[in-house]
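A short write-up of the structure that comes next.
In what follows, chains carry the letters A, B, and so on, assigned in the order in which the sequence lines appear, proteins first and then strands, with residues in each chain numbered from 1.
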There are 2 protein chains.
Amino acid sequence: MKNRLRDLRTAKGMTQEDLAEIIGVSRQTINAIEKEKFDPSLPTAFKMAKLFEMTIEELFQFEG
Amino acid sequence: MKNRLRDLRTAKGMTQEDLAEIIGVSRQTINAIEKEKFDPSLPTAFKMAKLFEMTIEELFQFEG
DNA sequence: AAAAAATGTAAATAAAACTTGACTTTTGTA
DNA sequence: TACAAAAGTCAAGTTTTATTTACATTTTTT
């Protein structure tokens with residue numbers, strides 16, 4: 001699963017810490033998702049997509 | 001998290017078992033998601049949305 | 001160069017998706 | 001009515017994995 005999180009976050013001038021607080025997870029969780037260590041839960045994916053005003057499919061690309 | 005899984009599945013004339021095999025989970029998992037006992041994982045959500053040719057947001061409605 | 005801020009990562013925990021198996025109920029149909 | 005297929009349920013267990021904690025490294029700023 002790929003994602004565009006890093007680009008979108010930096011484009012908004014936010015740190016991983018900033019994003020973590022808004023979404024309601026730890027800073028390390030944001031980092032792990034950006035580095036594509038694992039996928040977010042569905043609720044977390046929804047929050048992220050809403051924040052960046054796009055669909056989950058636009059934010060995360062599932063290859064499978 | 002609400003979803004339209006049941007309607008879409010029956011509209012295609014599929015049983016829970018049919019859907020389970022296509023997605024790659026157990027029949028009870030499909031049933032539990034239809035009955036909104038828990039949310040699917042993000043990969044499972046992707047597979048479902050693709051099968052029914054719609055976005056995850058159209059298939060699942062997050063109230064948060 | 002030094003301090004601070006931001007990011008990276010391993011290890012452990014916690015949570016939740018998912019399975020198995022058994023049983024009941026509903027629905028259709030012969 | 002009787003049978004079978006599909007759906008519902010529920011407990012209990014497994015397993016995956018999202019998430020956290022703690023510590024290390026890199027980058028940025030002064």
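- At the phosphate of D:dT20, OP1 or OP2 sits under 4.0 Å from a side-chain N or O atom of A:T29.
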Scoring nucleotides 2-10 of chain C by protein non-hydrogen atoms under 4.0 Å (B base, S sugar-phosphate only, - none) yields ----SBBB-
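- The distance from atom CD of A:E36 to atom C1' of D:dA18 is 16 Å, rounded to the nearest whole Å.
- Considering only side-chain N and O atoms, A:S26 lies under 4.0 angstrom from the phosphate OP1 or OP2 of D:dT20.
- Residue contacts for B:S41: at a heavy-atom cut-off of 4.0 Å it reaches the sugar-phosphate backbone alone, with no base atom in range.
- Atom CD1 of B:I23 is separated from atom C1' of C:dC18 by 14 Å (rounded to the nearest Å).
- Look at CD1 on A:I33: it is 14 Å from P on D:dT17, rounded to the nearest Å.
- In this structure, B:F38 atom CZ and D:dT14 atom C1' are separated by 13 Å, rounded to whole Å.
- Here the side chain of A:Q61 pairs a donor or acceptor atom with the backbone of A:E58 at under 3.5 angstrom.
- Proximity of a side-chain donor or acceptor of B:R9 to a complementary backbone N or O of B:M14 within less than 3.5 Å is detected.
- When the C1' atom of D:dT17 is taken as reference, atom CG of B:D39 falls 15 Å away, rounded to whole Å.
- Between A:L42 atom CG and D:dA18 atom C1' there is a gap of 13 Å when expressed in whole angstrom units.
- A donor-acceptor distance shorter than 3.5 angstrom exists from the side chain of A:T10 to the backbone of A:R6, with no hydrogens or angles considered.
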Worksheet entry | Evaluation steps, side-chain contact (heavy atoms from CB on, under 4.5 Å), between B:L8 and B:M54 | CA-CA 11 Å; B:L8 294 161; B:M54 57 183 62; 3.7 Å; yes
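- Residue A:M1 contributes atom CE, which lies 11 Å from atom P of D:dT17 at whole-angstrom precision.
- Between the side chain of B:T44 and the backbone N or O of B:P40 there is no donor-acceptor pair closer than 3.5 Å.
- A donor-acceptor pair under 3.5 Å is formed between the side chain of A:T15 and the backbone N or O of A:D18.
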